[in-house]
Amino acid sequence: MASLGRHIIVEYYDCAPEALNDVTHIEKSMEGAAEEAGATIINSTFHHFSPYGVSGVVVIEESHLAIHTWPEYGYASVDLFTCGESVDPWVSYQFLKEAFKAAHGSAVELKRGELALLTKKDFDIQQLRDEKSTDAGEPIRTRDIWFTERDDKIALSMKHNGKLYDQQSDYQRVEVYETQAYGNMLTLDGMVMTTEKDEYVYHEMITHVPILTHPNPKRVLIIGGGDGGTAREVLKHTELEEVVMVEIDEKVIEACKLHLPSIASALDDPRLNLIVDDGIKYVNEASDGSFDVVIVDSTDPVGPAEGLFSVDFYKEVYRILSTDGIMITQSESPRFNNKVFKEIYQVYRSIFGMDKVHCYLAYIPTYPTGMWSFSYSTKGSAHPLNGFDPAKSQAFSESNALSYYNGQIHAAAFALPNFVKQMIDQ
Ligand code: SPD
């Protein structure tokens with residue numbers, strides 16, 4: 001051999017797009033390609049980017065294998081770099097071509113470190129050997145796979161052990177990841193919806209704020225909320241007589257029952273009337289004044305939830321609220337989704353009235369920027385602070401062993417930073 005290493009620069013064309021967007025498949029294939037070629041794996045790191053694309057590297061004792069994919073073009077670029085005689089990078093090339101179902105590939109081999117051009121340096125190699133021999137045992141193999149939700153300016157990444165659920169429903173891509181920091185995590189179309197470790201913030205705040213400030217809550221409607229977290233919290237209010245939840249996507253329910261059971265725990269509760277249907281249609285067909293509290297637990301305003309952010313929908317929600325009815329919605333992040341955030345409050349005020357719409361905040365680490373908002377719109381006399389009894393809220397929090405909501409948080413959540421107030425008042 002006339003060089004230290006061989007570097008094959010590879011292009012794979014017309015691959016299966018889904019294979020190039022599946023981070024666990026890519027990780028497995030890259031590691032398989034390394035092993036098949038006779039390499040010893042030290043470590044691997046893979047990132048999935050939302051909505052599509054994967055980058056990753058497998059570090060091997062004999063150098064590395066690296067990949068970047070563009071599923072939307074069915075294209076992957078790969079580097080296969082090996083040193084020594086024991087590993088054949090062309091075996092990896094063929095292995096990956098099959099794994100990605102590439103219609104064709106091209107490759108250029110470069111010799112790295114031409115021996116004819118190298119001069120061996122004179123240094124005390126024996127001393128280095130002695131130092132190395134004191135290291136403990138076999139190299140430790142580590143694994144890094146990352147999920148990333150990003151827009152063109154910021155990104156949020158979470159390390160995970162792989163996907164537990166991955167289905168394309170009639171409405172969206174439904175996935176559950178086993179994250180290392182936040183437990184199992186539901187994503188829809190690549191956006192984080194909820195995680196086992198921080199879900200309580202969102203679900204407690206979207207639920208207890210309205211129910212504990214309504215003068216006499218009896219009938220609650222949840223639109224969306226297929227993971228079940230909002231229903232679980234609503235059912236802690238034992239005075240309620242009717243709880244209806246309308247979720248459009250049964251795959252979300254299935255995924256959460258299977259992999260997020262602590263969140264989905266109430267979905268089989270006989271007190272919950274769970275309807276799998278379009279929430280917009282349900283609201284359009286419901287009678288005037290039929291609910292005291294309507295909670296819109298939607299995804300972001302793209303895909304199936306788009307209609308849940310329309311003026312017509314909110315007018316219908318207003319119609320089906322009872323005299324003192326309250327509508328609660330998740331209203332995105334004032335920092336991250338500032339355009340949508342402003343529009344939401346303009347629309348609600350045009351329907352409910354200027355002084356009838358309030359905003360409150362909570363801190364959710366797995367949502368973009370961590371600062372998340374909820375809207376509280378009231379048809380009659382209910383008020384989030386005037387109608388609020390701190391002692392009652394505190395007692396409710398303690399008797400239900402809540403993790404976020406309490407009497408002080410309730411009041412504090414309505415204290416808004418100046419920039420948020422300005423966005424709402426503009
Ligand atoms: N960008 C995240 C918005 C998530 C809103 N809905 C979450 C559903 C939890 N039940």
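Both ligands and their constituent atoms are indexed starting at 1 by order of listing. In this chain, residues are counted from 1 in sequence order.
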(message) Return the closest protein heavy atom for atom 6 (N) of ligand 1 as residue, atom name and distance.
(response) S298 O, 2.8 Å

(request) Please report which non-hydrogen protein atom sits nearest to atom 8 (C) of ligand 1, along with the residue it belongs to and the distance in Å to one decimal place. (result) D297 OD1, 3.2 Å

(message) A cation-pi test, strictly: NZ or CZ of K379 under 6.0 Å from the centre of the six-membered ring of Y318 and no more than 45 degrees from its axis. Yes or no?
(response) yes

(request) Measure F336 to ligand 1 on non-hydrogen atoms and call it side chain, backbone, both or neither using the 4.0 Å cut-off. (result) neither

(request) Supply the atom-to-atom distance Q172 CD to M193 CE, rounded to the nearest 0.5 angstrom. (result) 8.0 Å

(request) For the pair E233 and K236, find out whether any cationic side-chain nitrogen is under 4.0 Å from an anionic carboxylate oxygen. (result) yes

(request) Among all protein heavy atoms, pick the one closest to atom 2 (C) of ligand 1 and tell me residue, atom and distance. (result) V192 O, 3.4 Å

(message) With a 4.5 Å cut-off on side-chain heavy atoms, are M245 and E247 touching?
(response) yes

(request) For ligand 1, indicate whether the residue M191 contacts it via side chain, backbone, both or neither (heavy-atom separation under 4.0 Å). (result) neither

(message) Between S298 and T329, is there a side-chain heavy-atom distance shorter than 4.5 Å?
(response) no

(request) Examine E149 against ligand 1 and note whether any of their N/O atoms are separated by less than 3.5 Å. (result) no

(message) If we only consider heavy atoms of H203, is any one of them less than 4.0 Å away from an atom in ligand 1?
(response) yes

(request) Could you check atom 3 (C) of ligand 1 against the protein and tell me its nearest heavy-atom contact, residue, atom and distance included? (result) D300 OD1, 3.4 Å

(request) Report the nearest protein non-hydrogen atom to atom 10 (N) of ligand 1: residue, atom name, distance rounded to 0.1 Å. (result) D227 OD2, 2.5 Å

(message) Once rounded to the nearest 0.5 Å, what's the spacing between atom CD of E35 and atom CZ of F95?
(response) 8.5 Å

(request) Find the distance between NE2 (H358) and CG (L416) and round it off to the nearest 0.5 Å. (result) 11.0 Å

(request) For atom 4 (C) of ligand 1, find the nearest protein heavy atom and state the residue, atom name and distance (0.1 Å precision). (result) Y367 OH, 3.5 Å

(request) Evaluate side chain to side chain contact (heavy atoms under 4.5 Å, CB included) for W372 paired with N337, printing each intermediate quantity in order. (result) CA-CA 10 Å; W372 211 253; N337 317 87; 3.9 Å; yes

(message) Side chain or backbone, does W372 bring an N or O within less than 3.5 Å of an N or O on ligand 1?
(response) no

